[in-house]
Amino acid sequence: DSTFLFDVDKLKGFVNSTNNSYSTIYWIIVYYLIVIGFNNLIHISGQKINMLVIRKNFIISGSLLTIVGIVSAKSPVVNFLTYYYLGLNKTASKTFDAVAGNAWRGISSSAESIGEFFAFTILLSIITFLYKKDEKLTKFEVTLILINIYGLIKANNFAAIISSFT
């Protein structure tokens, strides 16, 4: 079918090689089962979920994405190694500049999705900071949040910035 308009390379980890009705039905079922499973996981976990650990993991992940993206942009060898060993579906950005009107994406396949990840990480950090007033941000976490902010600025995703703070 040529009636599908969705660019499948934007979905990291959920990309298949065919774009037909059977494939679409398969992925609809997979997404449905993932949502049901995630809902059950949250229901079973109840109050056992530690939001501070989740916050820390998100800001560490975002910082590593930014740092590895910067190192990959500086070194062609590291660029190839990140592509090869991390299993990327696109090579990392080779420069810090916008390419053909797109924003910098680091090692992500999409500048839009990485911008949304950075915005979500920053928003999660702010919400958990305000919600858990007895748990302050450490200097290390503040430094990592600043790295995430830098990644969000480089991703140039104004929609993610505006929607996360409204």
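Predicted model only: the values in this text are computed from it and were never measured. Side-chain atoms are counted along with the backbone in the values below, which use heavy atoms only and exclude waters and symmetry mates.
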Task: Spacing of I28 atom CD1 and Y26 atom OH [to the nearest 0.5 Å] - done: 13.0 Å
Task: Value rounded to 0.5 Å, distance of CZ in F140 from CD1 in I59 - done: 7.5 Å
Open item on the list: Testing the basics here: between G151 and T66, what is the closest heavy-atom pair and its distance to 0.1 Å?
Closed with: CA-OG1, 3.9 Å
- [ ] Starting at CG of L144, measure out to CZ of R55 and round the result to the nearest 0.5 Å.
- [x] 11.0 Å
- [ ] Mind listing the closest non-hydrogen atom pair of T82 and N79 along with its distance?
- [x] OG1-O, 2.8 Å
Open item on the list: Is there a path of hydrophobic side-chain contacts, each under 4.5 Å between heavy atoms, that joins Y22 and V30?
Closed with: no
Task: Minimum heavy-atom distance N148-S63, with the two atoms named - done: ND2-OG, 3.3 Å
Open item on the list: So which atom in A155 and which in G115 form the shortest heavy-atom distance, rounded to 0.1 Å?
Closed with: CB-CA, 3.8 Å
Open item on the list: So, taking the atom named CD1 in I161 and the one named CZ in F118, what distance separates them when rounded to the nearest 0.5 Å?
Closed with: 11.5 Å
Task: CD1 on I34 to CG on L41, rounded to 0.5 Å - done: 12.5 Å
- [ ] Flag the pair F58 / F117 as yes when their ring centroid distance falls below 6.0 Å, and as no otherwise.
- [x] yes
Open item on the list: For V78 versus V71, what's the shortest heavy-atom pair and its separation?
Closed with: CG1-CG1, 3.6 Å
- [ ] Group every Ile, Leu, Val, Met, Phe, Trp and Tyr by side-chain heavy-atom contacts under 4.5 Å, then state whether I25 and L33 land in the same group.
- [x] yes
- [ ] Determine whether Y150 and L146 make a side-chain contact, defined as any pair of heavy atoms from C-beta on separated by less than 4.5 Å.
- [x] no
Open item on the list: Let me check something: do V142 and I122 share a hydrophobic cluster, defined by ILVMFWY side-chain heavy atoms less than 4.5 Å apart, either directly or through other members?
Closed with: yes
- [ ] Applying side-chain contact (heavy atoms from CB on, under 4.5 Å) between F38 and each of I36, N40, I42, V35, report the one that passes.
- [x] I42
Open item on the list: Taking I54 as the starting point, is it possible to reach I145 by hopping between hydrophobic residues whose side chains are less than 4.5 Å apart?
Closed with: yes
Task: Nearest-0.5 Å distance, CZ of residue F120 to OG of residue S125 - done: 9.5 Å
- [ ] Consider only side-chain heavy atoms of I, L, V, M, F, W and Y, link residues closer than 4.5 Å, and tell whether I67 and I153 are in one cluster.
- [x] yes
